[in-house]
4 protein chains.
Amino acid sequence: MNKVILIGRLTKDPELRFLPGNGTAVSTFTLAVDKNLSKDKKQELEMQNKPTADFLRTVVWGKQAENCANYLAKGRLVAVEGRIETRSYENAEGERIYITEVVAERVQFLEFGDKKETSSDSDINKGFVPVDDEDIPF
Amino acid sequence: MNKVILIGRLTKDPELRFLPGNGTAVSTFTLAVDKNLSKDKKQELEMQNKPTADFLRTVVWGKQAENCANYLAKGRLVAVEGRIETRSYENAEGERIYITEVVAERVQFLEFGDKKETSSDSDINKGFVPVDDEDIPF
Amino acid sequence: MNKVILIGRLTKDPELRFLPGNGTAVSTFTLAVDKNLSKDKKQELEMQNKPTADFLRTVVWGKQAENCANYLAKGRLVAVEGRIETRSYENAEGERIYITEVVAERVQFLEFGDKKETSSDSDINKGFVPVDDEDIPF
Amino acid sequence: MNKVILIGRLTKDPELRFLPGNGTAVSTFTLAVDKNLSKDKKQELEMQNKPTADFLRTVVWGKQAENCANYLAKGRLVAVEGRIETRSYENAEGERIYITEVVAERVQFLEFGDKKETSSDSDINKGFVPVDDEDIPF
DNA sequence: TTTT
DNA sequence: TTTT
């Protein structure tokens, strides 16, 4: 059993890539999930300029990845059901890097904002950068 | 909403530390959570010497931390309910290191093995090393 | 482990009552939670006039019950974290009736509509009907 | 989102039936899920002869239903991931009966007891009673 | 109608 | 750095 359920907001527009081999779509984004804090504790953290949310790297595969890229944008509220996965890879300096991320099995849109045109210009062809399979240090 | 539910086995005996200020107990361990794989996929990964489990750093606070240290041991099966948290700290080289870990709100023991005496000798006073508050790079 | 997570909409304004003994607040409402159906299956059910949602009786206690009564209304979207409980009681005919309901431990508001004034007039003093402890066949 | 996670013990051997049309397997059993009680509260309930567990009707479909029937038995510990569903049907007296049950999407065995031969004799061909589709008032 |  |  490895179950994760999150409700949070995208910190940026989602990124969309395609695996070179089979063209499988992969979307990644970070969710800001508010910590469940008392009013006092929240204010204390804000005054110390410490984060009052957890920031969780999220990965979506396949058809849902495309839906995310098409309909989600920075700030939008979503519910994610998935699992936590750990991966490791070797970086340029030959160090082993360990990654923990949420693999979304389902993404439920909780807001249907002003569509995707609101995304920044620089996103226009973001979705079409093919990536190398062994090279997804998200 | 930030909810995690895991069922897995401890990869080692749990570690127990105490915060210097108030003496709060903190227990940490890694859970090996089997990936939900088809028989074929599992065999494939085993033949490639790739892991068939996810390894998830888990932190428990307070009274439950002490219970974990007292009753759990390497290999024991537990269910954990908690949340995912992200933290960052600066390491000795001045690099910002980002950590993702599961903070357990409840740990349910699913096996009551051959008690804790089975732990290795070197564990005997493992539980009493006080640590510095800013120095918990688990 | 007894964990339930729901995202759904209130089918009516919440009801609020107070236990006679200690005045503890109890709020109850039913959540309509969309079934996760394919487009085809959904259409099929709609044509047969069968429900495409599950209707789940939900109970909230204490301070959160009052918040629900004050800020929620029919149609509002919420996330609920809680547990399933079973109860039984004897009805007027002396039959044992079995009830299954969701006890909410946390209710997260996902929409902040046009406030609570929109509630129907008949709700105005709904919140102040005391009830007998043994007589909560919700 | 309609998510349920339970860890509990079967109150009886699972029942196995087959839908008349297509022969789909359906297994049903009740899980006793311990309430998360303080020691005092637990003792209090026991002295009053009140249950300290919730009893949750669980339904499993297809291949997993057969696995449950083959490998589970009364008292065995399992983890269930699924959803809550509500149904209604008309009973012999023409009354509308409302049912709430857990539909298991995954059943994880947490104990591998003394096999299934331990089941009572009367179970021997329990699994082969075909049932009428409209007649599953579990 | 309830399990360890 | 990984468990059965």
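A, B, ... follow the sequence lines: proteins, then strands. Residue 1 opens every chain. Predicted model only: the values in this text are computed from it and were never measured.
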* Measure from the side chain of C/Tyr98, starting at C-beta and using heavy atoms only, and say which of F/dT4, E/dT1, E/dT2 lies closest. => E/dT1
* Separation of F/dT3 P from B/Lys50 NZ (nearest whole Å) -> 19 Å
* To the nearest Å, give me how far apart CG (B/Leu37) and C1' (F/dT3) are. => 15 Å
* **B/Thr30 side-chain proximity, nearest of E/dT3, F/dT1, F/dT2** => F/dT2
* Asked: Quick one: do A/Glu85 and A/Arg87 make a salt bridge, cutoff under 4.0 Å?
  -> no
* Asked: Mapping D/Lys12 and D/Arg9 onto DNA chain E by nearest heavy atom, which one lands closer to the 5' end?
  -> D/Lys12
* Take atom CG of B/Leu45 and atom C1' of F/dT2, then tell me their distance rounded to the nearest Å. => 16 Å
* C/Arg96 side chain: which of E/dT3, F/dT3, E/dT1 is closest? -> E/dT1
* **Atom-to-atom span, CG of B/Leu110 to P of E/dT4 - whole angstrom** => 16 Å
* **Salt-bridge present (C/Glu81, D/Lys3; N to O < 4.0 Å)** => no
* To do: Whole angstrom is fine here: how far is it from CZ in D/Phe29 over to P in E/dT2?
  => 19 Å
* Asked: Do B/Arg83 and A/Lys35 come within less than 4.5 Å of each other through their side chains, counting heavy atoms only?
  -> no
* To do: Starting at atom CD1 of C/Ile99, determine the distance to atom P of E/dT1, rounded to an integer number of angstrom.
  => 14 Å
* To do: Would you indicate which nucleotide in F/dT1, E/dT4, F/dT3 comes nearest to any side-chain atom of B/Thr52?
  => F/dT3
* Report yes if some heavy atom in the side chain of A/Asn2 is under 4.5 Å from a heavy atom in the side chain of B/Leu6; otherwise report no. => yes
* **Value in whole Å for how far the P atom of E/dT1 lies from CD of D/Glu101** => 19 Å
* Structure fact -> note: B/Leu10, atom CG; F/dT2, atom P; distance rounded to Å ~ 16 Å
* To do: Taking only the side-chain heavy atoms of D/Phe55 (C-beta and beyond), determine which of F/dT1, F/dT3, E/dT2 contains the nearest atom.
  => E/dT2
* Is the number of heavy atoms from other residues, nucleotides or ligands under 6.0 Å of C/Glu90 CD greater than 12? -> yes
